[in-house]
Amino acid sequence: MTETTTEVKRLREDTASLRQQLFSAGKRNEALSKTLRTARDELNRIKEEARRLTEPPNNWGTLIALGESGLSADVIVGGRRMRVAVGPEVEPAHLRAGADVLLSEGLVIIGTGSFAPVGSVVNVREFVDDTRILVGAPGDDEQVFILGEDLVDSGLRVGDAVVVDTRTHYALQVVEKPEVSSLLLEEVPDITYSDIGGLADQIGQIKDAVELPFEHPQLYTEHGLKPPKGILLYGPPGCGKTLIAKAVANSLADRTGAGQSRKTYFLNIKGPELLDKYVGETERQLRLIFARAREKASAGFPVVVFFDEMESLFRTRGTGKSSDVETTIVPQLLTEIDGVEQLDNVIVIGASNREDLIDPAILRPGRLDVKIRIERPDADAARDIFEKYLTAELPLHASVQTGHETPAEGVSALISFCVDRMYALSPENEFVEVTYADGAKEVLHFADFASGAMIHNIVDRAKKSAIKSLLETGERGLQPKHFEEAIAEEFSEHEDLPNTTNPDEWARISGRKGERVTHLRMMHLDTTRGAPAVPLEKDIAEVYPNSDLV
């Protein structure tokens with residue numbers, strides 16, 4: 001019995017030992033397997049690296065066309081056009097004309113790339129057909145390029161700038177250039193007729209000429225009447241010509257729809273910006289402007305093409321002193337306005353303070369049909385303009401309301417004081433003595449050269465003076481003395497502005513038409529020039545009898 005127990009115990013110990021040895025062998029086997037796997041992976045990596053380093057180089061080419069079966073394609077490699085096979089791993093649907101493709105050593109397409117990100121930039125001059133365009137840059141020969149697949153349905157237009165690959169003759173993408181972005185259509189201006197003061201008669205003429213055809217097109221058709229193609233706003237500078245043009249665009253937008261359908265395009269063309277040193281470039285940009293206008297007008301939206309400083313571009317032919325660009329620019333505009341192509345839903349508005357320099361062919365009926373003179377404001381018009389900038393909502397000094405029941409009445413009295421001060425035919429307001437060619441003389445006052453811009457500037461000066469008074473003395477609000485000082489400063493700044501070396505030219509720019517001016521004499525002496533005029537205490541006392549300002 002004792003021997004049996006001992007044998008069992010020995011067998012148990014041997015089993016435990018064998019188990020321990022088996023566990024250790026399993027651990028060693030697992031470590032060895034891991035080492036073998038690592039070695040195999042490293043060997044595969046080395047083999048792949050060796051294969052990659054020893055394989056022949058691949059070529060990049062540009063796809064020209066895909067074969068009908070999709071198993072072959074035409075590519076350009078190194079300037080040579082070849083027909084190559086398409087590898088089975090490449091989907092024919094991923095191959096796009098003009099894009100890069102990867103070629104194996106045997107010149108088989110094994111991969112696809114994107115369009116070239118760089119290239120030459122040229123302008124589209126015209127479309128040869130649906131897939132080809134005629135392009136060219138100033139001074140360069142014209143060339144025909146093929147549209148890449150991304151451009152076929154992109155809405156490409158004449159005048160757009162595109163990136164082209166000169167090796168493959170493919171147009172790849174559209175780019176925005178400053179030249180084109182400067183001609184982009186602006187949103188509807190936020191200027192309305194109510195923002196313009198002193199031009200009620202002129203605004204009425206504008207409404208009759210522009211808005212009636214859009215409000216009642218059936219009546220115009222019934223009477224066989226066509227809407228005017230163009231309007232000329234002429235007159236002295238600073239009197240609201242540009243404001244009226246913006247208000248026209250805003251008013252047309254209100255009448256064509258509301259919400260998202262409310263849209264009118266306004267092209268603000270500044271004459272000098274179109275001038276280019278290359279022959280034909282200015283004419284090309286004019287064509288581009290009217291092409292854009294026709295494009296938007298064809299969708300039913302009114303388009304206002306506004307030429308500011310019109311005389312700078314469209315001078316009378318033959319009057320150029322240093323060049324003869326007007327001999328080609330003027331005919332280009334005439335062709336666009338009443339040429340073969342229709343100009344429906346497009347209103348051309350020109351603004352100029354030297355309408356005598358504009359070519360007569362542009363001003364004849366049928367082109368710029370309506371001509372509206374924007375006069376300098378008289379006393380009543382000046383009051384209307386003051387009311388646009390000087391309102392009861394502004395911070396007013398207590399003295400302004402002295403003797404008046406409401407702030408509005410005080411502001412009205414303050415405006416009356418400013419208008420009387422500006423338009424008084426007093427020695428303080430004498431500006432210049434004009435001598436005409438027939439020997440006659442005339443004394444002109446500052447009021448003869450007033451403008452809406454001048455009145456706006458006077459109000460701004462008074463507001464700035466009120467702010468300075470508040471900071472220096474703590475006295476808040478606009479006072480009559482602020483406007484008195486502003487008017488005096490505004491007048492004094494104009495004393496040195498007349499061009500005495502060429503008085504007739506100065507008179508025409510200033511809006512003084514008629515007899516030729518031969519001489520100008522400033523009415524203020526050198527000792528008083530630049531000094532503010534003496535405040536009219538009598539006038540202030542009449543408007544504000546109980547004020548402590550007198």
Q: Does the side chain of M310 reach to within under 4.5 Å of the side chain of L333, using non-hydrogen atoms?
A: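 In short, these two side chains touch, coming nearer than 4.5 Å.
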Q: Could you list the residues that satisfy side chain to side chain contact (heavy atoms under 4.5 Å, CB included) with R80, not counting sequence neighbours?
A: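 Here the qualifying residues are M82.
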Q: The criterion is side chain to side chain donor-acceptor pair (under 3.5 Å); which residues satisfy it with E30, sequence neighbours excluded?
A: none
Q: Would you check if there is a donor-acceptor pair between the side chains of S352 and E311 at a distance under 3.5 Å?
A: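 Yes, because at least one side-chain N or O of E311 sits under 3.5 Å from a partner of the opposite role on S352.
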Q: Give a yes or no on this: more than 12 heavy atoms of other residues, nucleotides or ligands lie within 6.0 Å of atom CG of D130.
A: no
Q: Would you say D195 and T192 are linked by a side-chain donor-acceptor pair, where the criterion is simply a distance under 3.5 Å?
A: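 Yes, D195 and T192 have a side-chain donor paired with an acceptor closer than 3.5 Å.
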Q: Answer whether the closest heavy-atom distance between the side chains of K463 and L478 falls below 4.5 Å.
A: yes
Q: Could you check E48 against R45 for salt bridge (Lys or Arg N to Asp or Glu O under 4.0 Å), going step by step and ending with a plain yes or no?
A: CA-CA 5 Å; E48 180 63 25; R45 188 190 65 79; over 6 Å; no
Q: If the condition is salt bridge (charged side-chain N to carboxylate O under 4.0 Å, His left out), which residues does D165 pass it with, not counting sequence neighbours?
A: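 Testing D165 for salt bridge (charged side-chain N to carboxylate O under 4.0 Å, His left out), a comparison that skips the adjacent residues, returns R167.
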Q: Of all residues at least two apart in sequence or in a different chain, which pass the salt bridge (charged side-chain N to carboxylate O under 4.0 Å, His left out) check with D14?
A: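 D14 satisfies salt bridge (charged side-chain N to carboxylate O under 4.0 Å, His left out) with R10 only.
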Q: Using side chain to side chain contact (heavy atoms under 4.5 Å, CB included) as the criterion, list what pairs up with S17, not counting sequence neighbours.
A: Q21
Q: Under 4.0 Å between a side-chain nitrogen and a carboxylate oxygen: does that hold for R294 and E336?
A: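 A salt bridge is present here (some side-chain N lies under 4.0 Å from a carboxylate O).
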Q: Which residues pass the salt bridge (charged side-chain N to carboxylate O under 4.0 Å, His left out) test with R367, sequence neighbours left out?
A: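 Per chain and number, R367 pairs via salt bridge (charged side-chain N to carboxylate O under 4.0 Å, His left out) with D338.
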Q: Roughly how far, to the nearest 0.5 Å, is the OG1 atom of T62 from the CG atom of D74?
A: 12.5 Å
